[in-house]
Amino acid sequence: MCEKDEVKAPVTRDSNPDGPIEMENVDTRNAGPSNKPDINREIKDTNLEEPDELHDSSSDISGSGDEFDSDSSLTKSLENIFFSINSDSTPPDSGPPGAEEPCTDAMTESDGDTRYQTGRKRQSCHQMTFGDSGEKEQCSSQDTHESIVVGASHKKDGIRVYNKRHYCLYCSRPCAKMARHLEKAHEDKADVAKALSFPKRSKERRHQLDYIRNRGNYAHNAAVMESGNGELVPFKRPTQQAKGNEFIPCEYCLGLFNRKVLWRHIRTCKRKSKSVAQKPGENRVQSMCTYTGPVPAQISDAMTESDGDTRYQTGRKRQSPADSLNVPACDSTVPDQMTFGDSGEKEQCSSQDTHESIVVGASHKKDGIRVYNKRHYCLYCSRPCAKMARHLEKAHEDKADVAKALSFPKRSKERRHQLDYIRNRGNYAHNAAVMESGNGELVPFKRPTQQAKGNEFIPCKYCLGLFNRKVLWRHIRTCKRKPKSVAQKPGKNRVQSMCTYTGPVPAQISKQLWGVICSMNTDPITNIIKSDHVITDLGQDLLNKGGNSTKNQHNVREKMRELGRLIHNGRKVTSLKKLEDFINPKKYLEMVRAVKVTCGYESGTGTFQIPSLANKLGHALVNVSKLLKAHGLITNNHELVRKATEFQQVHSEKWNEMISSTALRNIAESKWNVPTLMPFTEDVQKMHQFLSAMQDECSSELSGTPSTKSWTELAKVCLTQIILFNRRREGE
């Protein structure tokens, strides 16, 4: 580029994100070309003008799916920037190394972003060398953070001054007119050529150029963070100068945002893949995007990936934001154990704490007047909106369901029902993400007057709206989405158990087993079954052995509820709280006491009210001990294996004496002197007359118009007559 070329002022987005972007042009004809960004350089602002392109109408960045590591020029420019700060040797395009001590850095690329891995701790930010004496002075992290700032927007005579500069991805030059600069100077680059191939002022062209601009700013910000001094280029400048540690880059578009508003941008980021589920909570978004920035100089970490998020590993588990506040983090999917620090000590995480962190917001009033501030979540972009119908009409009119709803006349019932169902599906997706994460606020169909717990609400099976358990049965009666062919089942508990299966399936339970559990009545025993992983593991084993037939599902449901009743009664009379506690030889007598209470043992008469249940529980406990022993052998848990083995030995010696013999005797005695009930003669005559009439009717229908139905009915009648004649069961 010749000396008379212009240096363009960058695009600024400090104004209303929905408005057009204003840019300005700066004539610096006497300025020579520069290969390195001069952070502290002041550029005089003149000749404000509208841009030729790059008009952005939102705060979101979108672009192509080109990988960041595909640009060799970017890698080369980053090498020049970083090696000029800390390097052992002089890179090809840089001058002699500075006075700082060298760092052994290996430049690697991960997920399209350039990363740095240090073989040891860097010294550039923590130690400073003065003169030739070799004396070093410790530099506090506070001074390092304060020397990295984010410049504020400016006003002159109350009018906004558009003097923001962006840094080119390829030549690292600060420019005001980035689109014009890319078109003139770097049109030979693959990404630029692809962006310029789209029509001017088109969305796709703007999204491509925006992403290239963000990548250039990201490279500049990485150099500033690496050097520990300079000014960062944010996506939107604050009104006052801020510290650099208050900003963090987006994982997808690489734009630099304030930590407090990053979560809002992530929801609508155009670069985010549609397959990525929205994770609620500001801290989750910050921890997800923290690794997008450059590796801090004082940390030497190995990069790992877990569940799609990149994490640091420093010889132990990385602490979450909750750990820094001394708050124990709890994962709803693995509620049994939590690890703290390096001690390896584990503390039980109660499901009660998990449920309390999920709430349902209450309605508000101001001066006695209802405040309508409820937000619904879009099914397609996960954005919270107050006017969902208007949002769907403007942003997602190309979707099939939205187009179908908008095809009906305005203010019609059918149009309202279709839009309501789309809105409920969006809220249901948000609620499922909140339940999966174990933290957040649910969006109900109707907000309560006071804040409530999340476990007090359950989604409707048909319309997916979230209702209070106590009033769900009333809604089911009049739900517009319920098919007319579905018969109404009486009772509130039946409705709740029917709709429980609509919710998200827990991670540690299969969908088939979850269907078996959700078909149970909603009571304390069902809650125990859901929270006890040993019962669910046993149920899964039984389901795998017997298959998914209706008969086997009923058998599995019965076995699980038997153990749930045992735990429920054991908590009342013993110190045993979960099924794993029962498999302990030291607490065998407590287990026997819980079995007697569950089966209704009467010490005065020495009888069980339900003797068959006692025998079933004995067999079930043996199966549980075998299951725990196998689990202990797989996980190398010697203590669990020892308890299960010793329990089996004690059980084989004492169970017959304490439970089984009495139960079997009660079953045998219950069959003594049982009177034989004889039917009345007139009842026998009525039955035979009915069978004869059915036989004649089916025979005549089969002779006149042969059909499968008539043949089946005639076969049933004949089988009934044979059974009555022989006085034998069907199988015999």
Side-chain angles (χ1 to χ4, degrees), residues 1 5-14 21 23 26 33-39 41 43 51 53-54 56 61-64 66-82 84 93 107 109 112-115 150-151 163-196 205-227 230-237 244 247-257 270-271 292-294:
M1 185 179 291
D5 289 342
E6 294 182 348
V7 178
K8 282 76 178 179
V11 182
T12 182
R13 297 175 183 266
D14 302 296
I21 299 173
M23 315 167 97
V26 179
S34 175
N35 292 329
K36 296 184 181 180
D38 190 356
I39 300 168
R41 178 184 176 187
I43 303 176
E53 51 198 346
L54 222 65
D56 192 38
I61 299 300
S62 175
S64 66
D66 299 336
E67 293 295 330
F68 188 61
D69 59 352
S70 63
D71 302 304
S72 59
S73 59
L74 172 61
T75 305
K76 185 176 181 180
S77 62
L78 284 176
E79 288 177 350
N80 293 335
I81 293 173
F82 289 110
S84 64
D93 298 335
M107 189 171 183
E109 295 180 358
D113 297 338
T114 309
R115 306 293 187 221
V150 176
N163 59 349
K164 185 178 180 182
R165 295 321 187 248
H166 299 276
Y167 287 83
C168 179
L169 174 63
Y170 306 103
C171 63
S172 303
R173 172 176 294 184
C175 302
K177 304 287 188 181
M178 183 56 66
R180 186 179 301 173
H181 170 74
L182 292 173
E183 186 175 1
K184 290 183 178 181
H186 306 291
E187 60 181 351
D188 57 328
K189 303 296 181 182
D191 292 343
V192 178
K194 181 179 180 180
L196 298 178
R205 180 190 181 107
R206 186 183 71 238
H207 293 163
Q208 296 278 359
L209 293 175
D210 284 351
Y211 186 51
I212 298 174
R213 183 199 64 208
N214 280 0
R215 289 158 64 187
N217 290 338
Y218 175 83
H220 165 77
N221 295 336
V224 172
M225 294 296 294
E226 185 73 16
S227 64
E231 183 173 327
L232 302 177
V233 179
F235 185 84
K236 181 179 179 181
R237 289 187 296 180
F247 286 75
I248 189 172
C250 171
E251 182 185 19
Y252 307 105
C253 69
L254 302 181
L256 194 68
F257 293 86
K270 302 299 183 183
R271 297 272 321 162
T292 308

What is the distance from atom CG of Asp210 to atom NZ of Lys270, rounded to the nearest 0.5 Å? 12.0 Å
I want to check something: taking the side chain as every heavy atom from C-beta on, are Tyr170 and Leu182 in contact at a cut-off of under 4.5 Å? yes
Closest approach of Gly244 to Val150 (non-hydrogen atoms, all atoms of both residues): CA-CG2, 4.3 Å
Here the gap from Tyr252 atom OH to Tyr211 atom OH, rounded to the nearest 0.5 Å, amounts to 12.5 Å
Nearest 0.5 Å please: distance from the SG atom of Cys253 over to the CZ atom of Arg213. 9.5 Å
Looking at Tyr167 and Met178, what are the two nearest heavy atoms and their distance? C-CE, 3.8 Å
All heavy atoms of Gln208 vs all of Ala195, minimum pair found to be CB-CB, 3.3 Å
Can you find a heavy atom in the side chain of Asn221 that is under 4.5 Å from one in the side chain of Phe247? no
d(His220 NE2, Glu231 CD) to nearest 0.5 Å is 7.5 Å
May I ask you to decide if the ring planes of His186 and His181 are parallel, tilted or perpendicular, using 30° and 60° as cut-offs? perpendicular
Side chains of Lys194 and Ile212 in contact at under 4.5 Å (non-hydrogen atoms): no
Determine whether a donor-acceptor pair (N or O, by modelled atom type, separation under 3.5 Å) exists between the side chain of Asn217 and the backbone of Gly255. no
When every non-hydrogen atom of Arg205 is compared with those of Glu183, the smallest separation belongs to NH2-OE1, 4.2 Å
Rounding to 0.5 Å, atoms CG (Leu209) and CG (Asn214) come to a distance of 11.0 Å
